[in-house]
Amino acid sequence: MSKRKNTTSSIPSKTPKHWSLGLIASMKDPNSIIKNTEKVVVIKDKYPKAKVHYLVLPHEEINSIYKLNKSHISLLEEFGNIFKELKEENESELRAGFHAIPSMQRMHMHVISTDMISTSLKTKIHWNSFCTKFFIPYDELLQELKDIGNIRKIPSELHTSLMKTPLQCNQCSFKPKNMPELKDHLLKHQLL
DNA sequence: GTTCTAGAAC
DNA sequence: GTTCTAGAAC
């Protein structure tokens, strides 16, 4: 047996060329897939920010919510049906929505429980991505698509200010001074 | 999006 | 001295 090291040229890499393509790879990974229908795939978020955290993605190559038009309304209604199914299958209270400025390619809807208890929840940006207006609820996105036929981008200064929003508990009026204090506080809500 | 870690904050 | 945040990653 040769102990020769594997070279990069001899290993077919499963790693995407760029991190922003990671979801497109996960859509094909049987270990990640929760549901797979004609129009959409549901996968587990690789770095869940709460006890329950799924992503719903279309098979259609829609890069982001900013590529949507009125022809996609029926697809979005399918997203709503999937959300309803997931709520029926889970004990936890779930929310569905989209990040105003997503980091990963392929349009995706987050379905996430309100507990926000997870070791992968680490930074203020993580928190503010789900607990400020940076998180666009499913119903609001669908309504905007029906009303004006597309999704309007948020101004970059609004993005900056949302990410700098002081920490605020999503379940009460408590304003933690840092992330460890917030995470400790969230555990107390879980006991009630 | 995450990881790593310098240096700010405590 | 330790905890915590925030910017670079070729």
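Reckoned from all heavy atoms, side chains included, excluding hydrogens, waters and symmetry mates.
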Report, as yes or no, whether the 6.0 Å neighbourhood of atom [atom1] on [X] holds more than 12 heavy atoms from other residues, nucleotides or ligands.
| X | atom1 | value |
| --- | --- | --- |
| A/Glu91 | CD | no |
| A/Lys35 | NZ | yes |
| A/Glu61 | CD | no |
| A/Lys46 | NZ | no |

Show the distances under 3.5 angstrom between N or O atoms of the protein and N or O atoms of nucleotides 4-10 of chain C.
from, atom 1, to, atom 2, distance (Å)
C/dT5, OP1, A/Met179, N, 3.1

With a non-hydrogen cut-off below 4.0 angstrom, is A/His99 in contact with a base, only sugar-phosphate, or nothing?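 Here A/His99 touches the backbone only, sparing every base.
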Output yes when a side-chain donor or acceptor of A/Asp45 lies under 3.5 Å from a complementary backbone atom of A/Leu55, and no otherwise. no
What is the distance from [atom1] of [X] to [atom2] of [N], rounded to the nearest Å?
| X | N | atom1 | atom2 | answer |
| --- | --- | --- | --- | --- |
| A/His18 | B/dT3 | NE2 | P | 16 Å |
| A/Tyr47 | B/dT3 | OH | P | 5 Å |
| A/His126 | B/dT3 | NE2 | C1' | 11 Å |

So what is the 5' to 3' dot-bracket string for DNA chain B, if pairs are Watson-Crick or G-U wobble with both distances under 3.5 Å, crossing pairs use [ ] and | means the partner sits on another strand? .|||||||||
Measure from the ring center of A/Phe98 to the ring center of A/His110 and say whether it is less than 6.0 Å. no
Between A/His108 and A/Phe79, ring centroids under 6.0 Å: no
Is a donor from one side chain sitting under 3.5 angstrom from an acceptor on the other, for A/Ser71 and A/Asn69?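 A/Asn69 and A/Ser71 do have a side-chain donor-acceptor pair below 3.5 Å.
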